[in-house]
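Presented below is the structure to which this report refers.
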Amino acid sequence: MSGQRAAAEPYATRFETEVTAIDGRRVRLETSYFYGESGGQPADRGTIGGIAVDDVRLEDGEHIHVLADDPSFRSGQRVLCSVDWTFRMYCMRAHTASHALYGAGRRVLEDLGYGGFDIGEEKVRVDLETSSEIDDETLLELESLVNRAVWESRPVSWEDVPVADARDRDRIAFNEATEDGAFQQGRVRIVTIGGAGENGGGSGTRARTPSGGPTVTTSTDGSAEPWDVAACGGTHVRNTREIGPVTVLDRSNPGEGLTRIEFSVGPDAIDRRRAEKAAALTARRTLGVPLSDVGDELARLRDEREAASERARSLERDLVETKLEGSEPFERDELEWVTTTVAEMEMDTNDAGELAREAAGEVADVVVIAGGTDTAYVVVATDATSSLSAETVVAEVTDAFGGGGGGSVTLAQAGGFDATPAEITAALEP
């Protein structure tokens, strides 16, 4: 129906057919079991008449096979074709895994829509339309549910139905914009991951009960609901157990209302699990606690570090306040000034600015703090009643040492100077 025999018969990888047309390296075949790139699934690889296939495209519903070299055969000749089984099976596993992930999302997320997917060389991405927050815990739950669906050996089947009938069915992932390859001449291809232990799947028709009645997709919790049903024109395995291990890698937000989930299948999934397990075991050994307690121990250490950081920050602030109060004021522009440096501290401009603002009017009319460990910065605060603008002082510094900055009448800052903090404060003193 969809023009993709590969989707209807995904396990067919060797066939003989007639060449119907040749245009340079572009070849048309009477019959093709190569999958043409569509809906996020890449084109099949393989050979036609012993020549490697670089690409397979769908143009007006017809397969165009792009060869790596000029063909040695001619139009009207019969050729032996071979689809790269390793890559075909990878795509079948990856595509079916994406449906299993969507089915897991149905069970975890409050609302769910399908935003598309893409099969890459090492990972697969699925875009979910949802307002639900997908945090680390949710990500782990999705991965767990997908792998349970794999373990439960759920059958996978596909059928062509009228589009109108599909629209009337509840809970079908239905997106014509992202699955155009599933739609043709008023019909749509529906892929179903059935209930655990259900017989059948993969024959192009829905599985039947032993009595010949309609499909009953019974899951492990006794419900008659399939794991997932979606409009799809891609290739799939006949049973979820063929997917193998699935490892969720990460999540991101590609656009408003979308969450992108990336995962791997097969050897890449195994390698990622090994790396994660190695990291967990290293953490256990380093922390000296059981693996189950690593999370709690890391949280405790994080809290201790944050508390220590806050204590250090408080001590630094106390030290700077003491330095300001103990500094010898000088008179300039008929105002009382105080300057100090914090080069020995990792104090940022926000903290320095807050301290300068608090000291302005209390310690002196104009307060200058210069700091920075890599590149110098300066913050200037003036009393609200002062006739001197903090921006004017900052401009004087940038004129002398370069850099840039700005601010307001009472508080300004600048950075990127070709000078040390001590040189900056010295330049401001009379």
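Starting from 1, each residue takes its place in the sequence as its number. Worth saying up front: this structure is predicted, and the values here are computed from it rather than measured.
- In this structure a side-chain-to-backbone donor-acceptor pair under 3.5 Å is missing from Arg154 to Pro226.
- Between Gly233 and Arg189 the shortest heavy-atom distance is C-NH1, 3.8 Å.
- Side-chain atoms of Arg251 do not come within 3.5 Å of backbone N or O of Leu139 as any donor-acceptor pair.
- Applying the salt bridge (Lys or Arg N to Asp or Glu O under 4.0 Å) test to residues at least two apart or on different chains, the pairs with a partner in residues 273-296 are Arg272-Glu276.
- Using a distance-only test at 3.5 Å, with no hydrogens or angles considered, no donor-acceptor pair links the side chain of Asp250 to the main chain of Glu262.
- Across all non-hydrogen atoms, the minimal contact from Asp127 to Pro254 is OD1-CG, 4.2 Å.
- Shortest non-hydrogen contact noted between Asp44 and Val56 is O-CG2, 3.9 Å.
- Looking at heavy atoms from C-beta onward, Ile119 lies in side-chain contact with His95 at the 4.5 angstrom threshold.
- Val367 approaches Leu324 most closely through the heavy-atom pair CG1-CD2, 3.8 Å.
- Legend: side-chain hydrogen bond (donor to acceptor under 3.5 Å, both in side chains) pairs involving residues 6-16, not counting sequence neighbours, sorted by first then second residue: Tyr11-Glu242, Glu16-Arg78.
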Salt bridge (charged side-chain N to carboxylate O under 4.0 Å, His left out) for Arg313 and Glu316? Distances and angles first, verdict last.
CA-CA 5 Å; Arg313 183 168 175 262; Glu316 282 186 344; over 6 Å; no

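- Side chain of Glu143 to backbone of Val248: a donor-acceptor contact under 3.5 angstrom is found.
- Residue pairs satisfying the side-chain hydrogen bond (donor to acceptor under 3.5 Å, both in side chains) criterion with at least one member in residues 393-417, sequence neighbours excluded, are listed as follows: Arg332-Glu396.
- The environment of Glu346 atom CD is sparse: at most 12 non-hydrogen atoms of other residues, nucleotides or ligands sit within 6.0 angstrom.
- Residue Asp418 qualifies as open at atom CG: its count of foreign heavy atoms under 6.0 Å is 12 or below.
- Judged purely by atom type and a 3.5 angstrom limit, Thr96 uses its side chain to pair as donor or acceptor with the backbone of Met92.
- Of the possible polar contacts, none joining the Asp268 side chain to the Lys123 backbone as a donor-acceptor pair under 3.5 Å is found.
- Without hydrogens or angle criteria, Ser144 side chain to Leu140 main chain gives no donor-acceptor distance under 3.5 Å.
- In Glu59, the CD atom is crowded: over 12 heavy atoms of neighbouring residues, nucleotides or ligands sit closer than 6.0 Å.
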One pair to check against side-chain contact (heavy atoms from CB on, under 4.5 Å): Glu121 and Tyr90. What are the steps and the verdict?
CA-CA 9 Å; Glu121 293 284 341; Tyr90 166 70; 5.9 Å; no

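- The backbone N or O of Val126 sits nowhere less than 3.5 Å from a side-chain atom of Ser98 that would complete a donor-acceptor pair.
- Looking only at side-chain heavy atoms (C-beta outward), Pro42 and Phe87 come within less than 4.5 Å of each other.
- In this structure, the side chain to side chain contact (heavy atoms under 4.5 Å, CB included) partners of Ser389, at least two apart in sequence or on a different chain, are Glu391, Thr392, Val409.
- With contacts defined as side-chain heavy-atom distances shorter than 4.5 Å, the pair Phe401/Thr420 does not qualify.
- Taking the centre of each ring, Phe34 and His65 come in below the 6.0 Å mark.
- Annotation: side chain of Trp227 is not in contact with side chain of Arg106 (no heavy-atom distance under 4.5 Å).
- Residues Asp351 and Asp348 have side chains in contact (heavy-atom distance under 4.5 Å, counting atoms from C-beta outward).
- Under the side chain to side chain contact (heavy atoms under 4.5 Å, CB included) criterion, Glu133 pairs with Asp135, sequence neighbours left out.
- Closest heavy-atom contact between Ala97 and Phe263: CB-CE1, 3.6 Å.
- For Thr235 (side chain) and Ala7 (main-chain N/O), no donor-acceptor pair under 3.5 Å exists by modelled atom type.
- In terms of the ring pair (Phe, Tyr, Trp, His ring centres under 6.0 Å) criterion, residue partners of Tyr33 (sequence neighbours excluded) are, by chain and number, Phe15.
- Annotation for Arg302: atom CZ counts as buried by contact number, over 12 foreign heavy atoms lying within 6.0 Å.
- Between Arg26 and Glu62 there is no salt bridge, since no side-chain nitrogen of the basic residue lies less than 4.0 Å from a carboxylate oxygen of the acidic one.
- Nearest heavy-atom pair across Ala376 and Ile424 is CB-CD1, 3.8 Å.
- Checked by atom type and distance alone, the side chain of Asp69 never pairs as donor or acceptor with a backbone atom of Ala52 at under 3.5 Å.
- Counted within 6.0 Å of CD on Glu137, heavy atoms from surrounding residues, nucleotides or ligands total 12 or fewer; the atom is thus considered open.
- In this structure, Val27 and Val79 have side chains that are not in contact, with every pair of non-hydrogen atoms separated by 4.5 Å or more.
- Ion pairing between Glu354 and Arg357 fails under the 4.0 Å rule for side-chain N and carboxylate O.
- Within 6.0 Å of CD on Glu122 lie no more than 12 heavy atoms contributed by other residues, nucleotides or ligands.
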